[in-house]
Number of protein chains: 2
Amino acid sequence: MAGVSVATVSRTLANPEIVSEATRDAVRAAIAETGYTVNQAARNLRQKRVGGIVALVPNLANPFFSKILSGISSVLREERLNLLVADTMAGAEAREALIAYANRSHADGLIVLDGTLPPEIFRRSGCPPVVLACETIDGLDTASVVADNAGGARLAVEHLAGLGHRHIAHLAGPEQNSLTVDRKRGFEATMAEQGLDPRPEWMLRGDFSLASGRNAARQLLDMATRPTAIFCDNDEMACGLIGELLKNGISVPGDLSVAGFDNVDFSAHITPALTTVRQHRDALGEAAARVMLGLLDGQPATDRIVLPVELVIRDSTAPLDPGRG
Amino acid sequence: MAGVSVATVSRTLANPEIVSEATRDAVRAAIAETGYTVNQAARNLRQKRVGGIVALVPNLANPFFSKILSGISSVLREERLNLLVADTMAGAEAREALIAYANRSHADGLIVLDGTLPPEIFRRSGCPPVVLACETIDGLDTASVVADNAGGARLAVEHLAGLGHRHIAHLAGPEQNSLTVDRKRGFEATMAEQGLDPRPEWMLRGDFSLASGRNAARQLLDMATRPTAIFCDNDEMACGLIGELLKNGISVPGDLSVAGFDNVDFSAHITPALTTVRQHRDALGEAAARVMLGLLDGQPATDRIVLPVELVIRDSTAPLDPGRG
DNA sequence: ATCACGGATGTAATCGTTTACGTAGACCAT
DNA sequence: ATGGTCTACGTAAACGATTACATCCGTGAT
């Protein structure tokens, strides 16, 4: 020690007020001079914590998830917690790697953005607190934060029905995806309330990608009788769909009204500007991180938080042409 | 110990071959039964390493960066290294937090995606190996991996000039951004080679956002004499620009050819599909991660890797209408 | 003068690994 | 039988911080 002691340094850093002013200054001067920094590994070992939380992301490259991560990160920073990111879309060894992450010695907590992971992983002893964000996992009733997916679908269908549309299609996401399940439920419930009968052949499947939206457009083009409106489970698919329709001479919204979900950045800037359901993904991430902080503080929260969504009406939806339908 | 010993367990895990088969099996059985897992903090403390590398990202929510992260992550996983993500776009305390990250006890290495950070941070003693990815930092000649930004601008300008355009504008990014600097250099050099004189009033500034593309479109609309083609420093700005032009009755590419940079996912799906310069951001991330692994292995690499780019010709650029120009 | 008390700081145990070193036994050669 | 070599494993010392406990000193009360 440049100044005087051993443990006193630790106290100076942790509880400056319990050490006398003189030594405090001496220690600080020595620290500044030597460029000392605490060794995280040693601190973690002693305190039995890691100082970081892991986010399990299905696909880091997807902006949908990175916005949530951004929200998580902003909250964790305040608490001086690190954000570790693990891409779960890995190969065969993925499962083992995941199990390694689901351990107290790796992370103080786990925020799971991937609804396709098997719930057993998070039930093992030694697994830190878990918060599900965005997607849910069947059979795992931990704390979770999700958007009001069913409500969003309702808003979209009510909007289209209010424009006079009676033949409304649905471009859904992957079958097992919890977002898809909720949005489909909202879609079908609202269709029924509106006295509309969804035709099975107008129930299309995609995988949330632009390409799958394009595929759906081709299916629509091949149909003998087409719907006059379609609700897409996300904006990427809506964008891909619109692009392919326009290329084939179908007018949007003239021949087909299109509504999306998410309100991603480009939705307002494509032509026609996309009518969609806005959800705040950064807020979702922030909320999930705050729930996590609560869990770390010992709150036994098993909350299931549902964040509100709003309809954003733009140019891709229009009243039904009375000559049709 | 369920089986027999203390240090033997460690050996069984690290070098299974130096321990006899009998004890090896015994140890493994005990591990399986008790659900033992190694404590990372203790291992890190002993081995004087962290087992993770930190990526400093200017804006996690930006898909541009998240794709790079995805590439980094895929390479690090193979080496069982964690990826920690730190958003540098923080508030006032950001600088201090950054300095904390630029320390061996936090990370074994640093991959920096933010070219606006002050170089001093990475010169401090105790700073782990640094790799610059995507953007560069003036006055810091560490290893770096960047795309061929000047070459990409060259490809775009040559393409537009080849279509007969002589009045070519440039929508650039932020002035101090290294991507902008390189692309501007490529743009101006190629214009000169083609015998074209870039008009100062056709040199527009944006910030890579969709909104700044829209702003640029409004500036174009106000001009007495407009260019017949424009090269945009990224696809987002090109998309925002096209959206606003179409809304105001300007045809793309009829009245104005537009070329972008990046080839983001939606570029192929907007209308008109965007001509752009493709760069592989995931490959960039992978390359940066591999350079980092090399540094960790003790290679003194001060490489400056430049990744090739390609022109993707779609529908937003067309030959100059002979009646104009 | 003795004691109690409280504030400031030093001592040492602890966290869970890794690993240099030592030792015990087996085996072979002399 | 002694000595040397090798393998398999136990012993104990690190790694660097935190923290319960002990110590020391000064102050005021009895």
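Chain letters run A, B, ... following the sequence lines, proteins first and then strands; every chain starts at 1.
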Q: Would a distance-only check, ignoring hydrogens and angles, find a side-chain to backbone donor-acceptor pair under 3.5 Å from A:Thr88 to A:Val57?
A: yes
Q: Answer with base, sugar-phosphate or nothing: what part of the nucleic acid does B:Thr37 contact at a heavy-atom distance below 4.0 Å?
A: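 Sugar-phosphate, no base atom in range.
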Q: In whole Å, what is the span from the CD1 atom of A:Ile18 to the C1' atom of C:dG7?
A: 10 Å
Q: Given atom CG of B:Asn39 and atom C1' of C:dG16, what is their separation to the nearest angstrom?
A: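 Taking atom C1' of C:dG16 as the reference, CG of B:Asn39 is at 6 Å.
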Q: For the pair made of CG in B:Asn44 and P in D:dA14, what is the distance, rounded to whole Å?
A: 21 Å
Q: Let me know, please, whether B:Ala14 or B:Ala41 comes out on the 5' side of the other along DNA chain C by nearest nucleotide.
A: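 So the residue in question is B:Ala41.
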Q: Taking atom C1' of D:dA13 as reference, at what distance in whole Å does atom CD of B:Gln47 sit?
A: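 One finds 16 Å between C1' of D:dA13 and CD of B:Gln47, rounded.
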Q: Does B:Ser10 reach a base, just sugar-phosphate, or nothing at all? Heavy atoms under 4.0 Å.
A: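 Base: the residue B:Ser10, judged by heavy atoms under 4.0 Å, touches a nucleobase.
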Q: Please report the distance, rounded to the nearest Å, between CZ in A:Arg43 and C1' in D:dC15.
A: 16 Å
Q: Could you walk me through whether B:Glu236 and B:Asn234 pass the side-chain hydrogen bond (donor to acceptor under 3.5 Å, both in side chains) check?
A: CA-CA 6 Å; B:Glu236 272 84 0; B:Asn234 77 342; 3.2 Å; yes
Q: Would you kindly give the CD-to-C1' distance between A:Glu21 and C:dT9, to the nearest whole Å?
A: 17 Å
Q: May I ask you to check whether A:Asp87 and B:Ser73 show a side-chain donor-acceptor distance below 3.5 Å?
A: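 Absent: no donor and acceptor within the cut-off.
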Q: Base, sugar-phosphate, or nothing for B:Ser105, non-hydrogen atoms under 4.0 angstrom?
A: nothing
Q: Roughly how many Å is it from CD in B:Glu17 to C1' in D:dT7, rounded to a whole number?
A: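 Nearest whole value for this atom pair: 14 Å.
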Q: If only atom types and distance count, is the side chain of A:Asn44 paired as donor or acceptor with the main-chain N or O of A:Val50 below 3.5 Å?
A: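 Confirmed, A:Asn44 side chain pairs with A:Val50 backbone.
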Q: Using atom CZ of B:Arg11 as one end and atom P of C:dG16 as the other, report the distance to the nearest whole Å.
A: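 Rounding to the nearest Å, CZ of B:Arg11 and P of C:dG16 are 20 Å apart.
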Q: Please compare B:Arg46 and A:Thr8 by the position of their nearest nucleotide in DNA chain C and report the one closer to 5'.
A: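 Taking each residue's closest nucleotide, the earlier one in sequence belongs to A:Thr8.
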